[in-house]
Structure formats: structure tokens, C-alpha cells
Amino acid sequence: MSSSEERYNFAASEPKWQRTWAAGNCFAAEESSTKPKYYVLEMFPYPSGRIHMGHVRNYTLGDVVARYKRAKGFNVLYPMGWDAFGLPAENAALERGVHPGVWTRQNIGVMKGQLAPLGFSHDWAREISTCEPAYYKHEQKMFTDFLKAGLAYRKKSWVNWDPVEHTVLANEQVVDGKGWRSGAPVEQRELSQWFLKITHYAEELLQAIETLDRWPDKVRLMQHNWIGKSEGARVLWPLQDAAGKATGQSLEVFTTRPDTLFGASFCAIAAQHPLAVQLAEGNAKLGDFLTECAKVGTSTAAIETAEKLGFDTGLKAEHPFIPGATVPVYVANFVLMAYGTGAIFGCPGHDERDMEFARKYGLTVKCVVAPESDDVAAFTRKLEAGNEAYTGDGVIVNSDFLNGLKVDPAKRAAIEKLESLGRGKGTVQYRLRDWGVSRQRYWGCPIPIIHCEKCGPVPVPDKDLPVTLPEDVTFDIPGNPLARHPTWKHTTCPTCNAPAVRETDTFDTFFESSWYFARYCSPKLADRAFDRKQAETWLPVDQYIGGVEHAVLHLLYSRFFTRALSDCGYFDLREPFDGMFTQGMVCHETYRAADGAWVEPGDVRKEGAAAVRVTDGVAVTVGRSEKMSKSKKNVVDPQAIIGTYGADAARLFMLSDSPPERDLEWTDAGIEGAWRYLNRLWRLAGAASQIQTGPVPATLDAGPAAVNRQIHRTIAAVGDDLEKFRFNSAVARIRELTNALADLDRKTVGGDAVYRYGIEVVTRLVSPIIPHIAEEVWQMLGFTTLVVATPWPEFDPAQLEDDVVTLAVQVNGKLRGTISVAKGADKAACESAALSLPAVQKLLDGKPPRKVIVVPEKIVNIVAA
RNA sequence: GCCCGCUUGGCGGAAUUGGUAGACGCAACGGACUUAAAAUCCGUUGGCCCGUAAGGGCCGUGCCGGUUCAAUUCCGGCAGCGGGCACCA
């Protein structure tokens, strides 16, 4: 054998099989089929221009599922496309003077070229790109349908403004008070914006989380908290002026603690509250205060250090339960206009914030809740004198008709009373807010609206869609090029024909990703977003795979969109993703030179425990493993790995080293281990190819018989592992079987037959994981069909268990030996076999055991006297 | 601050209805083959202790306690790490 044949030649093999699969159209989803359907989807990539290890891990997971499900007889839809609108394209335009469209489409070409050698089984005939009018015209139609259905609206509102990117951000896109991409502190501005009414579905989105039992608990919990349901009451407080005369107005506050109303000592309203704005007109000092409040940042640091500030309006609010009693009304910087009614009542005794505020402005502190077991008088004295609010459970005190009730019944009683007095009502409040979709950017889907002076904002009629982006734009100055385009925005009103202007804002890019999974069902359809029958056939997605960073944003928006589209008659579906899997990040050690500069892995040589920079021999410190990032230079380029070891080795390592939901540490040693396995399989298969294929004979020596049973057990276990995303465990079991086959004595009776059969099974089991070498081996074994077209192997249930089982024998819970008994042996037989063990006899020392526990097929535990 | 998750050898991890802890892999060490290297193959590898040896004993799944014949697994408390939300009334 020449040396070139001793090692698996991935460089020749991998492209060959990729061509074969493409030529055979092996991965096309069937439009109509008698097979059950299975839709596997990965979160589609942004065309940044470069495939990174995170993509490789994501698509490897999806590809294994897709290939496994095809082998199991499913009609699999496994599409790929491009989330092609977004800011980096505009930044590239700004920096390099290249048009965002040109840059994006070039990147798509480059990335397709980088994905090809990885051998993923995507159905490229269904490729979509969201920046093409053929795609986005359908979402313009959706938006106009949402308008008709009352699910989209325009309002002037305070918005998160990113001063670096010159655009508005959704609440979900503000992280720690900073823009999620720019990292710049977000400012508050008042603008007219388009909103989607996601809050209309707040309760349904919350309730339905419970039904998503194939989603990670973590993601479900995050959405649950994000929607943030609070039950409480709205309470009306009639207002009096400083002279004690009723103004005729009432202040409405929201509270989750109506049980503490008797402890109220003030009301406070947000700086943006209409009442505050109205009062400021005649009060310059208050005006200054409101300006001051608007300036306070929303960053973590700002919030933590921000002092509670208040401004006494001089107004008094009448207590709902205590006739004649009033509390002062403040404007306070910590009250949020966007939550509840933008007004609160303060109960300092039982709310930390209110306590801080009360102490600062000398307001009363009244104890109305006391822990059940405490002495009420003593507890009250301590609370009212101190600076600590009591927020725990207990019994209501000092509260008239609520006295003696526990917190929860008191809440109900207070609400009942409010309702009977006409002074308030029980209500549910959500933290979730409507989704602002307007962005002051060029590279996005134009919002199909025309502003007419007479008619107001008018939706672009269906016949005029799509509203396409103009190509001739400039990026030499910040801001939205659409707004300053000389001609594009000028048009006529569809209603009255008068001169009018187009909306120059574009949609948030999460708009595109909220329905792309439906577009894949009929990606070329021109007149509609998707074919209803196709969508209802394929959806929901059976297995969605992506990063946890989209747990709230994309996944919640998609759940909303699915409901909104259903309610607009597009299809009948509530949940888009039946199964969701969030994969871990790909990490790598970090390296730093003495001067603090990060050093790339390729430039580091390990010398025992120490490491040096190859280029100049300078010592580098090895830091902890962190997510691969350009800034820390700890990235490993997939292209380079594939060039050295091939796609299969990279795939095998990614799947075998860590469970897929956990972070994966990329190591050179790990990929080399994977590469060694490929060659091992290659050599073992070479030997197997010398043996005729055929059924395993009925009569086998003990060795082959045991391996034969292991083959069947492995088929069962690997199938189970793949179903449950335990890919690392599946790989381990396949390696165990491979080891057993390598160790099998083939000279025994049935040795050759079991060996040959075992190698065939291993080849089929590894085919979803390392598909190229699987094809190569399959061919080498003499098969003329493709392994991708071969069904998943069946196991014989009769072969799953041994005739003889090994039981552990414990004395007082400690392992003292094992016994082998026939399968199905009765308890008495197990007990006597265990008791006859010398080690057991010795410990019993002639005395009878106190008790013997026999768990069939598992264990015997002897409790010594 | 509130909510959630995790913690197992030198390392990644297995043990998923409580039942032989450390599968599988990596690293390391020893050996075989080779002029040599690579590749490959064989062996050892949780800690401590007794024994020349064969072999045997004790401890061990972050820490403390509990339930149980039996706990990595269940319960209570604590610590460390990670994540989500954060002036949400």
C-alpha cells in the first residue's frame, strides 16, 4: 500500500462528495410527499463577509439534525438565507465609499463560497435575501395589513435615541442604557414613530410560553420576565389646589400594593406626565426641574448613583379611603412615564424607594404591615423611626377595614372597596411595551407610508408596492440619506393626488427576521409573502437553532408576528417554533504579550507551561478561555481549519467535546483527536472492505456475540442521543463501538461477519456527523448507493440485553464486589449469590444480615447487623 | 437589589426515573515499531495509605447539615462562578 493511501485524503474526498450531493439534488425538500415533514432551521446569518466558528457550530448542529431526520424517513426542509439589511453595510459605505447593496451582495457571494466546503445539507434552491425588493415588498404589504387591523399605529413618543448611529432603538436593543451595537449612552427624544402593537398579545404570549415544552427553560423564563405581568390596581386621587379647593381633576396611579394604601404619604408623577407639563407652564422652577430630569442618563452607573429628586407641586391628593385626608403631590425623577400611569402613590414604610424619598423630603412614614409573629407596637415604632422599609409578607395593621388580613387577601379587599367606592379598579399591568419599528436609516425596508398635508399619513396602495430603496444615495454626512435624497421622497398622495412626501424611515431589521421562516416555504412566490397551504404544511419549525442572545428580541417578535399574520388572515398558526435549541459560544484561550497587546493563537507557540510569540520570541501570558472575538484576537478561522484537517474533523470536534448548549473551547489538540479518529475509521473500513457483506450468522463465538449486541445497543443509544441533542454522548458511544470492533478477534466464529456488519453500522451512524468520510467509506465497502440515501439502521430489540447481568454487591452501601447472574434471576438467587461472596462473608463475620435489598438487574445491598 | 442557572480527575465531560462515580476524548508518563522522526500500536493515569509482591484498606462529585438500605442525583443552609432584568411602583 502506498503511503498516500494510508491516510484519508479529505482534500480530494470532501469536494467530490459535495459535488455528488449537489448533482443528485440530495437535499431538496419535496413539495408534496407522503413522508412526514420536518423543518430544521438555523438563525440566518448577517452577511458580514466572513463565516466564523459560531456559524460553523450553529450549522453543524442543524446539519446533523437534518441529515439524521432524512435518514429516519422525514421530508426535511432545511433552508438558508441572508438577514441582509443592517447597519454594518452603511458603516462600510461610510468608511469605504462602497454602496451598502454592493457590499452586502458581495459578502453574500463570499460567504456562500466559505460555507460550501463545510458540506452542510442546506437546500440552496430556497435561498432568500431580505434586502431584495422581492422579499421586502411582502413585509410592506404586511405592515399595511397591520394598520388596517389596528396592530400598527403612529404616535409621538419618547424614544431611545442612539447618538452615534443617529437612529431610534427598541427597548430590547438598549443594553445597560447603551445602544446594543454602538455602545453609546442612549438619549431620550420625542419623535413620531411607527409602532407594532405587541402588547395586544401580551397575555397570550405569556400564557403560551407554558406550551413551548421543547424550548430551553432559560429562554422561556427570560420571555416571561420580559413580558413582566403585574397584578394590582389603578387608584383615583381627586386633586386640590394649595388652597384646598378641588381642581376637578383626578390623578390616576398604578400600584401592586393596594393593601398598603393606608400607609400612603405622598403621590409622585413622572417628569413627562401631562400634569407635570401643564403645571410647568405657569411655574419656571418646575420647568427647570423637568429639564433636569430629562438629562439624567439611564446607564447602570447613572441609575445607581442618581439621587431621588422631587419637586412639590403644591397640589394635594385626596385619599380614597380616609375622608378628608390628603397627601402632597410631587414630580419625581424616579417615576417612569412609560410604565403604568406614570404616577404612583408612595408608601415609605413598605417600599425602599419611597422610604428614601420620604426621608429626604420629611414625609410621614407609617407602618401598615407587620410580620405575623412580631409584637405590632414594637415593630411599628422601629419601622417608623428607621430608614428600612419592610417589604415582606405579614398582617395588615393601622388600616381600618383591612386590619388583621394577610397581604394577599388585603389586596383583594382593598380592590373590592375601591371598586365599590368608584375610586379605582383592579387591573393587570405588563412591562412589555409596543415595538417601535421606525429607524432613521437607509439600509432597511422603506416604511410604505406617504405623508399628505390634507390626508395625513396614507398607506401606499398594494398596487404601488414595493416602495424600493433608491440606489443613488450618499453617505458623506451622518444621518439618513433617504431624508436628504433630492427626489425620492417627493410623490403624490394616493388619496387626494396632492403633492406629498414619503416616509423616509425604514423598518427595524428585526422586521425581516420576524417572518423569514414562513417565506422559505414558498421562497419564489411573487404575488404573496408565502403560499398559505405550503406554510401550514411546513410550519411550525420543528427544530430551530441559534444563539441565546436572541432569546427576547427575535424570538419574541417572531411569536408576535405569527399571531398578527394569523389574525390578518395569512395563515392559521400561533407559534412559529415548536422546538428551540440555544447553542453555546465558541471560545478560545486568550494570549497577551508583556506590553498588553493581544496575540493571535496562530502566533503563539506553547513551550510546556510557558508560551511565546512566534514572530519575536516574546513571552505571552495565557489567559482564560473567552468567546472568540476580533478585539481579543482569539479567533480561529474556519477556512484555515478546513484547509488543514477538513470539514469532517472540524465537525466531529465541535460535536464531541462539549454538550451543544454549553460553551465550547476550541483547541488544536481537540481537532487533532478528531482527525485521528477519521483515520482510524478509514483503516478499519479498509480491512472491512476485504470481507463480503452479508447477514450475521446465527451461531457466534462469545466475543463476536458480545460485539454484535453492542452494535445493536449502539444503534439504539445513538438514535436516542441524537433525538435529545446529546451529540457528545452519541460520539462517545460510536467511538466505544469503534474500539470494540478494532479489538474484536476476527478469527473466531462469526468474527469477520460481525466486524464487517459493525463497520457498516458505524458508517451509517456517523453519516450525519461526518458525512464526507461516511460516503467515502460506504463506497470503499462496495456500495454503489449514497449513504445520504440510506435509511438509518434498525436495531433488534432482542439483542439489546445480555443473557448474563452483572450486579453490584454492597454491604452497608459500600461496593464490596460484583456477581454475575442469569438475566431474570429471582431475588433469592441474587441474594444467596451475593451472600456467598468471600468479601461479604468476611464483613458479616458469621452473623446473619439484618436486611438484604435486591434491585433486579441493578444491585444487591446487604445491611449488616 | 430581584430572578435564574451552574460547581464531578491535570483538562472537556459521562453517569438524566436515587442503585458499581470518572464512559468517551484530550493532556501526561512508560513501552513497541523505526537509523531517526512522523504515523500507528500496547500499557499506566482521582487522592492517600498498607504490602517485596499478589492484593487490600480509607477518602473522594464546591462547603455544612438532613432524608434513605443506598445521594453527583432529593431536601435545607452557605460559598464561588456565570447569565437575565434593573428606579417597572
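Because only heavy atoms are used, hydrogens play no part in the values below, and waters and symmetry mates are left out as well, while side chains stay in. Every value quoted in this text rests on a predicted model; they were computed, and no experiment measured them. All chains are named by letter (A, B, ...) in the order of the sequence lines, taking the proteins before the strands, and each is independently numbered beginning at 1.
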Considering only atom [atom1], compute the distance from [N] to [M] and round it to an integer number of Å.
N     : M     : atom1 : value
B:G10 : B:G46 : P     : 10 Å
B:A32 : B:G25 : P     : 24 Å
B:C75 : B:C87 : P     : 33 Å
B:A70 : B:G60 : P     : 15 Å
B:U72 : B:U16 : C1'   : 12 Å
B:A14 : B:U8  : P     : 11 Å
B:U45 : B:C24 : C1'   : 16 Å
B:U73 : B:C6  : P     : 12 Å

> When rounded to the nearest 0.5 angstrom, what distance separates CE in A:Met585 from CE in A:Met53?
Replying inline: 15.5 Å
[N] [atom2] sits how many Å from [X] [atom1], rounded?
X        : N     : atom1 : atom2 : answer
A:Tyr339 : B:C88 : OH    : P     : 9 Å
A:Lys308 : B:A86 : NZ    : C1'   : 12 Å
A:Ile269 : B:C88 : CD1   : C1'   : 18 Å
A:Arg726 : B:C24 : CZ    : C1'   : 14 Å
A:Lys229 : B:C3  : NZ    : C1'   : 18 Å
A:Glu661 : B:U16 : CD    : C1'   : 12 Å
A:Met654 : B:C24 : CE    : P     : 24 Å
A:Arg7   : B:A38 : CZ    : C1'   : 8 Å

Given that both distances must come in under 3.5 Å, which nucleotide forms a Watson-Crick or G-U wobble pair with [N]?
N     : answer
B:U7  : B:A79
B:U16 : none
B:U68 : none
B:C29 : B:G43
B:A86 : none

Closest nucleotide among [options] to the [X] side chain:
X        : options             : result
A:Arg683 : B:U20, B:C26, B:U40 : B:U40
A:Ala732 : B:U20, B:A89, B:C24 : B:C24
A:Thr256 : B:G13, B:G57, B:A89 : B:A89
A:Glu736 : B:C24, B:A14, B:A21 : B:C24
A:Pro659 : B:A14, B:U17, B:C87 : B:A14
A:Thr806 : B:C42, B:U20, B:A89 : B:U20
A:Arg431 : B:A86, B:C87, B:C3  : B:A86
A:Lys851 : B:G19, B:A89, B:C69 : B:C69
A:Arg680 : B:A86, B:C41, B:C87 : B:C41
A:Asp743 : B:G13, B:C42, B:C4  : B:C42

Count the heavy atoms of every other residue, nucleotide or ligand shown that sit under 6.0 Å from [atom1] of [X], and state whether that count exceeds 12.
X        : atom1 : answer
A:Lys360 : NZ    : yes
A:Lys229 : NZ    : yes
A:Glu352 : CD    : no

Are any of [X]'s side-chain N or O atoms less than 4.0 Å away from OP1 or OP2 of [N]?
X        : N     : value
A:Arg816 : B:C58 : yes
A:Arg676 : B:C26 : yes
A:Asn333 : B:C87 : no
A:Asn225 : B:C2  : no

Does [X] reach a base, just sugar-phosphate, or nothing at all? Heavy atoms under 4.0 Å.
X        : value
A:Ser656 : nothing
A:Leu221 : sugar-phosphate
A:Arg662 : sugar-phosphate
A:Gly670 : nothing
A:Asn861 : base
A:Asp217 : nothing
A:Lys814 : sugar-phosphate
A:Ser230 : sugar-phosphate
A:Val253 : nothing

Between the side chains of [X] and [Y], is a donor N or O closer than 3.5 angstrom to an acceptor N or O?
X        : Y        : value
A:Tyr677 : A:Thr738 : yes
A:Thr590 : A:Asn634 : no
A:Arg680 : A:Asn739 : yes

> Nearest nucleotide by nearest heavy atom, which residue falls closer to the 5' end of RNA chain B, A:Glu672 or A:Asn679?
Replying inline: A:Glu672
> So which one's nearest nucleotide on RNA chain B is more toward 5', A:Gly813 or A:Val855?
Replying inline: A:Val855
> Ring centroid separation for A:Phe266 and A:Tyr361, is it under 6.0 angstrom?
Replying inline: no
>> For the aromatic rings, using the six-membered ring if either is Trp, is the centroid distance between A:Trp675 and A:Phe653 under 6.0 Å?
In response: no
>> Syn if the chi torsion is within 90° of 0, anti otherwise; quick check, which is B:G25?
In response: anti
> Within the side chain of A:Asp434, is there an N or O that forms a donor-acceptor pair under 3.5 Å with the backbone of A:Thr199?
Replying inline: yes
> Does any donor-acceptor pair link the side chain of A:Arg220 with the base of B:C4 at a separation under 3.5 Å?
Replying inline: no
